[in-house]
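Quick notes on the structure that follows.
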Amino acid sequence: MTTRLTRPPESTRSRSSETAHAARLFLALVRREVEGRYRGSALGIGWSMITPLIMLGIYTFVFGVIFRSRWVTSDADASPAEFAVILFIGLILFQVLAETITRSPGLMVANTNYVKKVVFPLYILVPVTLGSALTHAGISLLILVPFLFIVFDGIPWTAIFLPLSVAPLCLMALGVGWFLASIGTFARDISQVVTSLTTAMLFLAPIFFPVSALPVWLQPWIRFNPLTVPVDEARKALVFGVLPDFMTLLAYTCVALAVCTAGYVWFQKTRKGFADVL
């Protein structure tokens, strides 16, 4: 009895080839994006380590020294060093979302040559921006590790759940990024609005304070900030050694997935008009 080998359908091979090509293109563009940002500077990518440390120092001095802010835990107030580490985790996640959505409105304008290429997958530009932001976030996490050992005597085992906080935040960033990349092509002023909203989002998220520090009636409302759940759950995993609230993360992931899907569909439906505007 002989076995006949059948070739996969042409459409299947075509989709597989397109996916592989998009993956290679994504990695190449992320690398170019990261390297291009520091091209010509003396320290190069070293700035990706220096910049977050400078911002951490500034925020820690202003809120921890001048305003004497403390992170109130269940048993005591966090010291300035502990406050700095807790703050740093929130800032890392904020930068992932902020960098993606603030750069998205100008992506099509900045890449006009890609827009006018019929075969170029324009949708990939937003993931590339997110990939660049995640690269810098990864570097910041490497900087955070020794501080966790110095200040908190190590990393709790619950750190393995950190991806459960980061992944839905990435979905949210992609969805909002695709919406803004499309709208920003037709309405250039949206960039100014997004920058102001991003700043507001920073101070209205539990980055400088715990949710428990707010009045009870206000706590449910702060959950509408897309940073609240990821930041809160990431701190549980990396600092407090507490299991994440899986139901809350599941609900957030469902919303993020819906936003991501809607953003992608919107982008693909409106991309046909980009070339005419540009």
Side-chain angles (χ1 to χ4, degrees), residues 30-31 33-35 37-38 41-100 130-170 173 202-203 205-213 227-245 249:
V30 169
R31 180 176 179 180
E33 178 79 16
V34 174
E35 292 177 347
R37 178 177 301 190
Y38 304 106
S41 61
L43 295 178
I45 200 170
W47 281 110
S48 63
M49 302 182 197
I50 296 173
T51 302
L53 285 175
I54 292 174
M55 295 308 299
L56 174 63
I58 293 173
Y59 282 127
T60 302
F61 177 74
V62 172
F63 290 95
V65 178
I66 297 179
F67 291 110
R68 298 184 180 276
S69 299
R70 294 293 182 269
W71 200 271
V72 181
T73 60
S74 57
D75 52 352
D77 293 354
S79 67
E82 293 171 337
F83 176 80
V85 172
I86 294 171
L87 172 63
F88 197 25
I89 295 172
L91 290 176
I92 291 173
L93 295 186
F94 166 75
Q95 287 299 330
V96 171
L97 181 61
E99 183 175 343
T100 304
L130 175 61
S132 174
L134 286 173
T135 300
H136 292 93
I139 295 173
S140 296
L141 281 174
L142 291 177
I143 297 173
L144 177 67
V145 168
F147 285 95
L148 287 171
F149 277 94
I150 294 171
V151 178
F152 290 100
D153 299 322
I155 303 175
W157 70 272
T158 51
I160 62 175
F161 294 108
L162 179 63
L164 295 182
S165 300
V166 177
L169 179 66
C170 291
L202 169 65
F203 291 100
I207 292 179
F208 302 99
F209 54 85
V211 175
S212 59
L227 282 168
T228 298
V229 171
V231 168
D232 205 20
E233 298 300 328
R235 284 176 175 145
K236 289 180 182 178
L238 284 176
V239 174
F240 302 120
V242 177
L243 286 173
D245 186 335
L249 279 174

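Of the possible donor and acceptor atoms, none in the side chain of Arg235 sits under 3.5 Å from a partner among the backbone N and O of Ile89. Side chain of Glu82 to main chain of Val151: no donor-acceptor pair is present (N/O by atom type, distance under 3.5 Å, no hydrogens or angles).
Interatomic distance, CG of Leu130 versus CG of Leu97, reported as 9.5 Å (0.5 Å rounding). Summarising the geometry, atom CG belonging to Leu162 is positioned 5.0 Å from atom CG belonging to Leu238; distances are rounded to the nearest 0.5 Å. Remark: Ile139 CD1 to Ile50 CD1 distance equals 11.5 Å, nearest 0.5 Å. For the atom pair CD1 (Ile86) and CG (Leu148), the distance works out to 10.0 Å, reported to the nearest 0.5 Å. Interatomic distance, CG of Leu249 versus CZ of Phe161, reported as 10.5 Å (0.5 Å rounding). The CD1 atom of Ile92 sits 11.5 Å away from the CG atom of Leu134 when rounded to the nearest 0.5 Å.
Val30 approaches Ser132 most closely through the heavy-atom pair CG1-N, 4.1 Å. Summarising the geometry of Glu233 relative to Pro244, their closest heavy-atom pair is OE1-CA, 3.2 Å, with the distance given to 0.1 Å. Residues Val231 and Pro206 come closest through the heavy atom pair CG1-O, 3.7 Å. Heavy-atom minimum distance, Lys236 versus Asp245: NZ-CB, 4.0 Å. Residues Val166 and Leu93 come closest through the heavy atom pair CG2-CD2, 4.1 Å. Here the closest heavy-atom approach between residue Pro156 and residue Ala237 is recorded as CG-O, 3.3 Å.
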### Task
Just do the side-chain contact (heavy atoms from CB on, under 4.5 Å) check on Phe208 and Leu202 with the steps written out, would you?
CA-CA 9 Å; Phe208 302 99; Leu202 169 65; 4.0 Å; yes
### Task
For side-chain contact (heavy atoms from CB on, under 4.5 Å), just list the numbers for Ile58 and Ile54, CA-CA rounded to whole Å, side-chain angles, deciding distance to a tenth of an Å, and then say yes or no.
CA-CA 6 Å; Ile58 293 173; Ile54 292 174; 4.0 Å; yes
### Task
For the pair Val242 and Thr158, evaluate side-chain contact (heavy atoms from CB on, under 4.5 Å) and give the outcome as yes or no after the intermediate values.
CA-CA 7 Å; Val242 177; Thr158 51; over 6 Å; no
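At least one side-chain heavy atom of Phe94 sits less than 4.5 Å from a side-chain heavy atom of Leu227.
Within a 6.0 Å sphere centred on CZ of Phe147, heavy atoms belonging to other residues, nucleotides or ligands number 12 at most.
A search for salt bridge (Lys or Arg N to Asp or Glu O under 4.0 Å) contacts involving Glu99 returns Arg37, Arg103, not counting sequence neighbours.
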